[in-house]
Every structure is written in structure tokens, then in C-alpha cells.
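Chain letters run A, B, ... following the sequence lines, proteins first and then strands; every chain starts at 1. Fair warning: this is a prediction, and the values are worked out from it, not measured in the lab.
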Amino acid sequence: SSYFSSAATGDMPTYQIRAPTTALPQGVVMAASPGSLHSPQQLAEEATCRGELRLMKNREAAQECHRKKKEYVKCLENRVAVLENQNKTLIEELKALKDLYCHKAQ
DNA sequence: AGTATATTTCGTCAGGCTGC
DNA sequence: GCAGCCTGACGAAATATACT
């Protein structure tokens, strides 16, 4: 159930960056090699890291999702404009044909 | 100016869906 | 099952607009 797929437009708005969203746990090394021991503290740290990583990934996913939605809406708006124009043209055309028909009939 | 109200943007959570 | 992705819903903050 996703929006149409299309290439990114790449127009980045110029915002102020919000509250210090603690960017990435820098150099998150997914701890310890398979055989190593884990102190409770290490385990807690790992859990924190996993949580932060999850949040970060979701944040990025949400950004992409918002971007796609915006693009989708823009696309729909364009389509509305096109269809409105077509409609206008068709109405004109119909009117012209009706006129023509009337004059012939007389 | 300042401030009240509306709109936009972004991050988080929850829950569905999919591939493994 | 479950890990990972996607997206709707929601709230908070930023930004825009209307008004005095």
C-alpha cells in the first residue's frame, strides 16, 4: 500500500535543525565477539545502543516516508490541474460543436 | 514591534506486512 | 516466529500568516 515510486527530487528545504537529536552513537561497534563475557553493564550498554540504532533507523525511514508522501501529494495536485484543464477544453469543444450543430439545423 | 492562530515539519510509537 | 521495513497517527517544535 505504498505511494507511487519515483525518483527523489532532491530539493532540500532550508530548516533549522531541531533540538539536539542525539545523532548516532558514533562508531557503534556492535559489541563483543561471540565468545566474550558480558557484564550486566555491558548488556545494558548494548541494549541502549540497539535502542538508539533502532530510533535512528526509524527516524531515517520516517524522513523518507514523509518525503514520498509529499511527492505523492504534489503528483496528485498536478494531476488535478491537468484534469481540470482537460475538462475545460472539453467543455469548450462541446460548446463549439453545439453551436455548429444549431446553425446547421437552421 | 508583539502575539495569537494556523500550518508545516519532524521524531516517535504502534502495528501491519514480508522475507527468512 | 521474528527481525526489519514501511507508514498512519499523534504530539511537539518551528515557521508562516493575520491581526492589533
**OP:** Tell me what A/Gln63 touches on the nucleic acid: a base, only sugar-phosphate, or nothing, going by heavy atoms under 4.0 Å.
**Re:** sugar-phosphate
Original post:
So how far is it from A/Thr89 OG1 to A/Leu94 CG, rounded to the nearest 0.5 Å?
Top reply: 12.5 Å
**OP:** Name all residues meeting the side chain to side chain contact (heavy atoms under 4.5 Å, CB included) criterion together with A/Gln86; count only those two or more places apart in sequence or in a different chain, and write none if there are none.
**Re:** A/Val82, A/Leu83
**OP:** Nearest whole angstrom, please: distance from the C1' of B/dT8 to the NZ of A/Lys74.
**Re:** 14 Å
Original post:
For the pair made of NZ in A/Lys70 and P in C/dC6, what is the distance, rounded to whole Å?
Top reply: 19 Å
Original post:
Rounded to whole angstroms, how far apart are CZ on A/Arg59 and P on C/dG4?
Top reply: 17 Å
Original post:
Roughly how far, to the nearest 0.5 Å, is the NZ atom of A/Lys70 from the SG atom of A/Cys65?
Top reply: 13.5 Å
Subject >> Spacing between A/His66 atom NE2 and B/dT12 atom P, to the nearest angstrom >> reply: 11 Å
Original post:
Tell me, do A/Arg59 and A/Leu55 make a side-chain contact under 4.5 Å, heavy atoms counted?
Top reply: yes
Original post:
Among B/dG11, C/dG8, C/dT7, which is the nearest nucleotide to the side chain of A/Lys69?
Top reply: C/dG8
Original post:
Once you round it to whole Å, what is the distance between C1' of B/dT12 and NZ of A/Lys57?
Top reply: 17 Å
Scan nucleotides 13-16 of chain B against the protein and return all N/O pairs shorter than 3.5 Å with their distances rounded to 0.1 Å.
unit_1 : atom_1 : unit_2  : atom_2 : d
B/dC13 : N4     : A/Asn58 : OD1    : 3.3

Original post:
Taking CD from A/Glu60 and P from C/dC5, how many angstroms apart are they, rounded to a whole number?
Top reply: 10 Å
**OP:** Quick one: list whatever passes side chain to side chain contact (heavy atoms under 4.5 Å, CB included) with A/Glu64, sequence neighbours left out.
**Re:** A/Arg67, A/Lys68
**OP:** Find the distance between SG (A/Cys102) and CG (A/Leu97) and round it off to the nearest 0.5 Å.
**Re:** 11.0 Å
